[in-house]
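Working notes, beginning with the structure itself.
Quick note: residue numbers are just sequence positions, from 1.
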Amino acid sequence: MARLNAVLPLCVALLAVLAGQSAAGRYYSDKVQDKVRKEVEKAMAYNPSVGPALVRLVFHDCWVNGCDGSVLLDKTPTDGTNTEKKAVTNIGLAGFEVIDTIKQKVGAAASCADILAFAGRDAADILSGGKIFYTIPAGRKDGVVSSAAAADANLPESTFDFGQLQTNFAAPGRNFSVEELVVLSGAHSIGVAHLSSYRDRLGADATPIDSDYQSALAKATPPELLGRGQNPTVPNNPRDASAAFQKDAAYDPAAVGVSPTRGVLDNSYYHNNLINKVLFKSDWVLRTDGFAASKLQEYKDNAAEWNSDFAAAMVKLSNLPAQGKNLEIRKNCRFTNQQYYY
């Protein structure tokens, strides 16, 4: 789940949302969660790309050994610096500084895993303009193991076909259905992607992709850049791209039937997928399964249903139990307590 380019329209919209929520008294009664919310609001108001980063972090943490905050570790006693942050599938992860700031505010009162789950929840709420809101309990503990190899072995790749996605989501310990796969994929309405994650979509033998969109992508991020050691990004959602890119891609949000407001977590992903204007092979292949394809159409037609189902899927995701042993509540989210003390 990806980052988002900071854009002025989202800043304006975000400040309006925050003002409205504060006036409506939507802060949490729990003191820890209240502090988390306030820090997420401040961080997103300063840099809107933080919001998508936090939503993505929840998935990338909980999908590997459950929700244990292991994605936050810089090093561990057993794996050194070869932690989940170094995994190929974790390219572009961000938002760590926000979690650090929140931890400093709450101290020993909350685990890093809880902080991350709460921050991702609040980011989704803000990005959706209050349309995606859910409650989750506290009580998670932090893991002491973080492995890049484990992350690459567990996280789904952008080049997966439908069968691989289905198997990955249904794996023991996760047990996510095809419907939940389609639901969570809708988070690609926000964030950015690196060229290395969609370069397979730029060739002549690519899985079906709109030709204008493909040409716009190749123009904005030529595949040969990878050979020069560069790995640029584009927004996951053509709605969030520049006016020049939208013109090249023949993309008009109003004509597609989505809100033109940039950076919003909404059902625009489903509109884009059904016209072949999504980045990843793993997005498009949802159309190759009859049931998954029917859910794409259903969520395109019913934004409120997707909002509700996405919230429910995020609750399930955020409650995946930690699978490691020797769990703790870290003093510093980047290091185990053994390293922190010594």
Side-chain angles (χ1 to χ4, degrees), residues 1-5 52 56 59-60 63-64 84 86-94 148-149 151-171 178 181-182 184-242 245-246 248-251 256 268-290 292-293 295-296:
M1 301 200 161
R3 298 171 295 136
L4 179 68
N5 289 338
R56 185 183 182 214
F59 183 86
H60 284 247
W63 217 245
V64 184
E84 292 173 33
K86 298 294 181 66
V88 175
T89 46
N90 278 336
I91 186 173
L93 285 185
D152 282 329
N154 282 277
L155 289 164
E157 298 180 19
S158 63
T159 55
F160 272 9
D161 60 29
F162 180 78
Q164 291 172 307
L165 288 172
Q166 185 177 17
T167 298
N168 181 274
F169 272 66
V178 170
L181 160 61
V182 177
L184 288 174
S185 295
H188 288 162
S189 65
I190 54 175
V192 300
H194 286 80
L195 171 59
S196 58
S197 298
Y198 61 85
R199 61 180 168 182
D200 61 302
R201 301 271 283 159
L202 302 182
D205 58 346
T207 43
I209 181 171
D210 178 86
S211 59
D212 289 325
Y213 183 50
Q214 185 187 53
S215 296
L217 289 170
K219 179 180 178 181
T221 54
E224 57 266 25
L225 291 178
L226 289 172
R228 303 172 192 165
Q230 301 178 55
N231 199 4
T233 62
V234 295
N236 280 333
N237 196 329
R239 172 204 63 192
D240 298 335
S242 67
F245 182 96
Q246 289 184 353
D248 289 339
Y251 186 82
V256 174
S268 56
Y269 165 84
Y270 303 96
H271 291 256
N272 295 336
N273 202 333
L274 291 169
I275 58 172
N276 290 344
K277 292 188 178 181
V278 283
L279 276 179
F280 307 129
K281 173 184 176 181
S282 60
D283 288 325
W284 184 86
V285 296
L286 298 180
R287 296 177 59 178
T288 65
D289 175 78
K295 297 303 293 187
L296 290 173

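- Atom CG in Leu165 sits 10.0 Å away from atom OG in Ser158 (nearest 0.5 Å).
- The two residues Leu286 and Ser185 come nearest to each other via the heavy atoms CD1-OG, 3.8 Å.
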Margin query: Evaluate Arg239 against Asn272 for side chain to side chain donor-acceptor pair (under 3.5 Å), listing each step before the verdict.
Written below: CA-CA 9 Å; Arg239 172 204 63 192; Asn272 295 336; over 6 Å; no
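- Here OG of Ser268 is found 13.5 Å from NZ of Lys277. Values are rounded to the nearest 0.5 Å.
- Here the OG1-CG distance, from Thr288 to Asp161, works out to 7.5 Å after rounding to the nearest 0.5 Å.
- Remark: Arg199 pairs with Leu195, Leu226 by the side chain to side chain contact (heavy atoms under 4.5 Å, CB included) rule, at least two apart or across chains.
- Without hydrogens or angle criteria, Lys295 side chain to Leu181 main chain gives no donor-acceptor distance under 3.5 Å.
- Listed by chain and number, the residues in a ring pair (Phe, Tyr, Trp, His ring centres under 6.0 Å) with Phe280 are His188 (sequence neighbours excluded).
- Without hydrogens or angle criteria, Asn231 side chain to His194 main chain gives no donor-acceptor distance under 3.5 Å.
- Tyr213 places a side-chain heavy atom less than 4.5 Å from the side chain of Leu279.
- Among all heavy-atom pairs drawn from Glu84 and Asn90, the shortest one is O-ND2, 2.6 Å.
- Within the 4.5 Å cutoff, side-chain heavy atoms of Val256 are placed close to those of Tyr251.
- Asn273 places a side-chain N or O within 3.5 Å of a backbone atom of Asp283 that can act as its donor or acceptor partner.
- A distance-only check finds no donor-acceptor pair linking the side chain of Asn237 to the backbone of Ile190 [under 3.5 Å].
- Legend: residues meeting side-chain hydrogen bond (donor to acceptor under 3.5 Å, both in side chains) with Thr207, ordered by chain and number and at least two apart, are Arg201.
- Side-chain atoms of Glu157 never come within 3.5 Å of backbone atoms of Ser197 as a donor-acceptor pair (strictly under, hydrogens ignored).
- Here the NZ-CD1 distance, from Lys281 to Ile209, works out to 13.0 Å after rounding to the nearest 0.5 Å.
- Aromatic pair Phe169/Trp63: centroids less than 6.0 angstrom apart.
- Contact between Pro232 and Leu225 at its shortest, heavy atoms only, is CG-CD1, 3.7 Å.
- Checked for salt-bridge contact, Lys219 and Asp248 meet the test: a charged N lies under 4.0 Å from a carboxylate O.
- A donor-acceptor pair under 3.5 Å links the side-chain atoms of Asp289 to the main chain of Ala292, judged by distance alone.
- Ala151 and Thr89 get closest at one heavy-atom pair: O-OG1, 3.6 Å.
- The two residues Ala206 and Asp200 make their nearest non-hydrogen contact at CB-O, 3.4 Å.
- Atom CD of residue Gln230 and atom OG1 of residue Thr221 lie 11.0 Å apart, to the nearest 0.5 angstrom.
- In this structure a side-chain-to-backbone donor-acceptor pair under 3.5 Å is present from Asp152 to Val88.
- One finds the CD1 atom of Ile275 at 15.0 Å from the OH atom of Tyr270 (value rounded to the nearest 0.5 Å).
- The two residues Ile91 and Ser196 have their closest heavy-atom pair at CD1-OG, 4.0 Å.
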